[in-house]
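These notes concern the structure reproduced below.
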Amino acid sequence: MIALEILLATLPLVFLLSLLFEGIDRKVHARMQRRIGPPIIQPFYDFIKLLVKENIVPTTAARSIFNASPSLAAASSIVGAAIPLANLIARTGIIGDLILVMYLLTMSSIMIVVGGSSSGNPYGAVGFSRKIMMLIGYEIPLLISVVSISIKAGPSLIYYDIILAQIKSDKCLACAYISSATAALTFLLCISAAVGVVPFDIPEAKTEVIHGPLIEYSGPQLALLKLAKSSTIFSLSLLAFTLFFYFPTIYELSIVLGEIATLGACLLGSLMVMLLTVTLPRTVFARLKIGQAFKTYWFFPLPMAITSLMLSVLGW
Amino acid sequence: MIWEALKSLFKKPLTVQYLTKPDEKVPVPERYRGKISYNRDACIGCLLCIRTCPAGAITADERKVSFSLDRCIFCGQCSETCPRKAIEITSKFEIVVYTKSEIASQ
Amino acid sequence: MWKIASRSRIKSPWIFHLNTGSCNGCDIEIVAALTPRYDAERLGCVLVGSPRHADVLILTGPLTSQMMPRVVRVYEQIPEPKAVVAVGSCAISGAPFLGSYSIEGPLDRIIPVDVYVAGCPPRPEAIIRGIVTAVKRKFG
Amino acid sequence: MVNEREVKYDEFARFILPVGPVHPALKEPFHLKIIVKREEVLDVELRLGHVHRGIEFLAENRNLIQAIYLTERICGICSHSHTTCFIQALEEVGGLKPPERALYLRTLIFELERAHSHLLLLGIMAYQIGFDTLFMYTWAAREKVLDLFEEITGNRIHHAMNVIGGVRWDLTPKMAEKTIRVMKDIEVTTRRIYDFFRGETVEKRLSGVGLLSQHDAHELCVVGPTARASGLVFDVRKDDPYAAYGDLNDSFSVISKKEGDSYARTEVRILELFELINIVQAALDRLPNGPINLGESPVRLMRRIPRGEAISRVEAPRGELIYFVKTNGGDGLERLKIRTPTLANIISLKKMLIGCEIADVPVIVTSIDPCLSCANRITLVDHETGEVKVVNADELRRKKS
C-alpha cells in the first residue's frame with residue numbers, strides 16, 4: 001500500500017504547513033491593521049512553548065474525556081488534512097474518502113467543544129451549546145455543496161476523481177458549471193464558520209465566554225487544540241481550492257517539475273483561499289450573535305447549496 | 001472597511017520598532033516627567049518637599065532629604081515646590097528592575 | 001532541545017493582565033502596548049483571557065483587600081513556568097494609597113514578583129521592555 | 001407528566017454564569033452574577049468594591065496638595081476632570097480666582113481628555129464585539145491625543161496640570177499649532193470611524209441592545225452620554241458653565257438621541273467628538289494672554305484656604321462629576337465626598353441587562369463606559385433582611401484589626 005506510506009509521510013508536512021499558514025494569516029491580519037505583526041514562524045514558537053508547559057486538569061473536569069479530546073481533535077483534523085494532500089501527491093484515492101475527510105473535520109471541531117464542556121466550567125458549557133447550534137447552521141450547506149460537486153464530477157465520492165474530472169475537461173469545475181460555481185461560493189462562505197474565526201467565532205469569543213471550550217485547557221492540551229484548529233483551516237482551504245478551482249492547464253504545463261509545481265500551485269491557491277475566507281472576514285467584520293449567525297447561514301448558504309444540488313442533478 | 005483594510009495592507013505600518021530595531025524609540029518630549037534627580041549640595045533642607053509629596057516617598061535625612069524611589073509617582077510636585085531647584089525631573093522612563101532597591105541606581 | 005524550548009518561551013509570552021485596584025492608567029497603557037504604535041505582538045505577546053493559557057502575569061494596582069484572594073488564585077491557576085511583572089508605582093510599593101484600610105500593601109508580600117516596571121503609569125515602551133526582561137530572566 | 005419534564009428541563013437549562021471579577025471583557029474587576037437560561041439573561045446581581053481603595057478616607061488624612069494628586073489617581077482616564085472638580089471647590093472655599101488663561105487651558109486639556117476617553121471607549125466597544133481592526137484604528141488615532149498630552153503636560157495619563165489657582169504648564173505657540181493639526185487629523189479619523197460604526201455588522205450588534213427608556217433614565221438618575229442617549233438633554237458644560245465654558249458657550253451644542261440603546265450611546269460619543277473639536281478650536285482662537293497661575297508658592301496658597309465647604313461639579317467624559325469638599329482651616333480636609341458618573345450610571349445596568357443575550361452583556365456594560373475605579377464605594381447589603389448599611393471608615397478599620 002504505497003498510498004498509506006505517502007499518507008504517513010504527509011502527516012509532518014501537514015503539521016508544518018498548517019502552522020505556516022497560521023503564521024501568514026496572523027502576519028497579514030496585523031498588516032491590515034497597520035501593525036508589523038508577529039514573525040511568520042510565531043505559531044511554531046507558541047506550539048513548542050505550550051508543549052513544554054505544565055498541564056493542569058481541573059478537579060471539576062470529567063478527567064477521561066477532558067484528557068482525550070484534544071488528542072482526538074488534533075489527530076482527526078490532521079488526518080483530515082493529510083488525506084487530500086496525500087491523494088494529491090499519490091494521485092489515487094479510495095471510495096468515500098471525501099466523506100471521510102468532511103467527517104473527520106467535523107469530528108475535530110466537535111471534539112474540541114466536548115472537551116470544553118467536560119471541564120466543568122460554565123463558559124465551556126455555553127461554548128458547547130453555541131457550537132452545536134453553529135454546527136447545525138453551517139454543516140448542512142457545507143455537506144450539500146460537497147455532494148453537489150461530487151455529482152458533477154462523476155458522480156463519485158472519491159476526492160481524486162473530482163480532480164481528474166477537472167483535468168479531463170481542462171477547466172476548473174467552478175468555471176465550467178453554474179451549479180459548481182454556486183457550490184464553490186457556498187463552500188467558501190462556510191469556511192469561516194467551520195473553523196470558527198471572527199464573524200463566527202461565537203463559541204470561543206474571548207470577550208463573551210473567555211475562549212469558551214478552551215478556557216480550562218493549558219499546556220500541551222492547548223497546543224493540540226490550537227493545532228487542530230489551524231490544520232482544519234489548512235484542510236478546508238486546500239479542499240476548497242482543489243475541489244473547485246483546480247486549473248489543470250496551468251499545472252500540467254511543466255512536465256519536468258510536474259509534481260512539485262502542481263503541489264506548489266495548489267498550496268499557493270489554498271493560501272489565497274485562506275486569506276480570502278479566513279483572514280479578510282476576520283479583519284473587516286465584527287462578531288455576530290449566535291442567532292444572527294444561525295439566520296445568516298439558513299438564509300444565504302443553505303438555499304444556495306440546495307439550488308446548486310438541484311442544478312447539478314439537472315446537469316447544469 | 002474592506003477597502004480600508006486592503007489599503008492598509010500596502011501602507012507602511014505605524015509601528016515604532018522599539019527593541020527589535022536598534023535606536024528606534026518614540027521621541028520623549030521636553031516636559032516628560034521621568035525619574036527625579038536630586039542635587040544634594042543645592043538642597044537647603046527646608047523639607048517642603050516632604051510636606052507636598054503625595055506618595056510619602058521623601059524622608060528627612062541629616063537635615064537634608066532622601067528618596068525612596070519605589071514610592072515615587074512621577075508627579076513632579078517636589079521639583080515644583082523646591083525653592084532652590086535641587087530636585088530635577090529627568091526624561092528617563094525605562095525603569096525596569098529586578099528588585100525595588102535597584103530603582104535608585106538605574 | 002532545551003535550547004529550543006527556552007527560545008520558544010522567550011519568543012511567545014502570553015500575557016494575562018489582572019487589575020488589583022489600579023486607577024486604569026496602567027491598564028490602558030498595557031492595552032495601548034498592543035495597538036499599532038507599539039505592537040507588542042511583534043515580540044510574540046498576546047493578551048489572553050484565561051489564566052490557564054498565560055505565561056506572564058501582569059499586575060497593576062496597590063492590591064485591595066477584595067482582590068487579594070483572587071490574585072493568589074489567578075497566580076496559582078497559571079501553569080508553570082510563569083513570570084510576574086508588577087507594572088506601575090502602586091504595584092511596586094502601594095505608592096499614594098499606602099495607609100488606607102482596604103490596601104493590603106505591596107504585591108510582593110503575597111506573590112513573588114520577577115520584574116518591576118516603575119512609572120505612574122509607565123510608558124507602553126517600558127511595559128514591553130518589562131515583559132521582555134521578565135521572560136528572558138525567568139525562561140532564558 | 002409533560003409538565004414535570006418541562007420544569008426539569010427548565011431547571012437544567014438555567015444556570016449561573018459569573019462574569020468577573022476577572023474577565024477579559026472587563027479591564028477592571030467588577031462582579032456580575034448572571035442567571036441565564038440558555039442564552040437569555042434572567043437576572044443580574046451586581047457587585048462592586050474590588051477596586052475600593054478608600055481614597056476619600058485617605059484624602060482626609062493628607063494635606064490639600066497631596067489630595068490633589070490623590071484625586072488625580074482615582075481614575076486614569078478622567079484624571080483631569082477629578083482634579084479640576086476638586087480644585088474648583090478649593091478655589092471657591094478660598095475665594096481665589098485663577099487667571100483667564102488658566103481657565104482656558106483647563107478647558108483645553110479637559111476637552112482633549114474627553115477626546116481620548118471617547119476614542120478609548122469606541123475602541124473598547126469594537127474590541128468587545130470582536131472587531132479588532134476597528135479597535136486598532138481607533139486606538140492609533142488616540143495615540144495622537146496622548147502625544148499631545150505628553151508634550152503639553154509631561155505625561156500620557158496623569159497630567160498633573162491643575163494647581164490651586166491656575167495651571168502648571170503654559171501652552172507654547174508651537175504646541176497650539178500642533179493641537180490644531182492633531183484636531184484636524186482626529187476629525188478625519190472620527191468621520192471614518194463613524195462610517196465603520198454605521199457598517200452592517202457593527203450596527204447589527206449594537207442597535208436595539210440594552211434599551212433604556214427616557215422615563216427609566218430619569219428615574220435612575222443616569223448622567224452623561226448615557227442619559228443623553230436616552231433623550232435627556234443635560235450637560236453641565238451648558239447648564240452650569242465652569243472654567244471657560246461660559247465664554248465658549250456658542251461653540252458647541254449638546255448632543256442628544258432618542259433611541260436609548262447601545263448604538264445611540266455610542267453614536268452620542270462619536271458626535272460629541274466632533275463638538276469637542278469645535279470647542280478646542282474656539283478655545284485656541286480666543287486664548288487670552290496673561291499669567292497661568294497666581295504666582296505664589298503652592299504651599300503658601302494651600303495655607304490661605306480657610307475653613308469652609310463647597311460643592312463643585314463638572315461634566316467628565318462619562319457624565320456629571322460632583323465633589324463635596326469641607327476644609328478644616330489648617331491645610332487639610334475634614335470631609336471629601338465624591339459622586340462619580342459611573343456610580344450614577346451603573347445602577348441602570350440591571351435594567352438594561354435583564355432580558356438580553358449573553359453576547360450582549362459585554363456590549364451593554366461597555367456602552368455606559370464604566371470606570372469602576374471611580375465607582376467603588378462600600379455598601380454592605382445584609383442578604384437575609386435586605387437591609388442596606390453604609391459602613392464608614394472607622395468601622396472598617398475596627399473590623400480589620
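Convention: sequence-line order gives letters A, B, ...; per-chain numbering from 1.
Note that CZ of C/Arg9 is 13.0 Å distant from CG of A/Asp46, once rounded to the nearest 0.5 Å. To the nearest 0.5 Å, atom CD1 of residue C/Ile78 and atom CD of residue A/Glu54 are 11.0 Å apart.
Taking 4.5 Å as the limit, every side-chain heavy atom of A/Ile48 sits out of range of all side-chain heavy atoms of C/Arg7. Looking at heavy atoms from C-beta onward, A/Ile56 lies out of side-chain contact with C/Gln77 at the 4.5 angstrom threshold. The shortest distance between side-chain heavy atoms of A/Ser218 and C/His53 does not fall below 4.5 Å.
In terms of heavy-atom pairs under 4.5 angstrom with chain A, the leader among C/Ser12, C/Gly44, C/Ser6 is C/Ser12.
The nearest pair of heavy atoms linking C/Lys11 to A/Gln42 is O-NE2, 3.2 Å. When every heavy atom of C/Asp39 is checked against every heavy atom of A/Gly37, the shortest pair comes out as OD2-N, 2.9 Å.
Heavy atoms closer than 4.5 Å to chain A are found nowhere in C/Ala40, neither backbone nor side chain. Heavy atoms closer than 4.5 Å to chain C are found in both the backbone and the side chain of A/Ile36. Of the two parts of A/Leu51, neither the backbone nor the side chain holds a non-hydrogen atom closer than 4.5 Å to a non-hydrogen atom of chain C. With a 4.5 Å cut-off on non-hydrogen atoms, A/Phe47 does not touch chain C at all.
Scanning residues 13-34 of chain A against chain C with a 4.5 Å heavy-atom cutoff picks out A/Arg26, A/Gln33, A/Arg34, ordered by number.
The main-chain N or O of C/Ala54 is found under 3.5 Å from a side-chain atom of A/Lys53 such that the two form a donor-acceptor pair.
With a 6.0 Å cutoff to the six-membered ring centre and a 45° limit on the axis angle, A/Lys49 counts as a cation-pi contact of C/Trp14.
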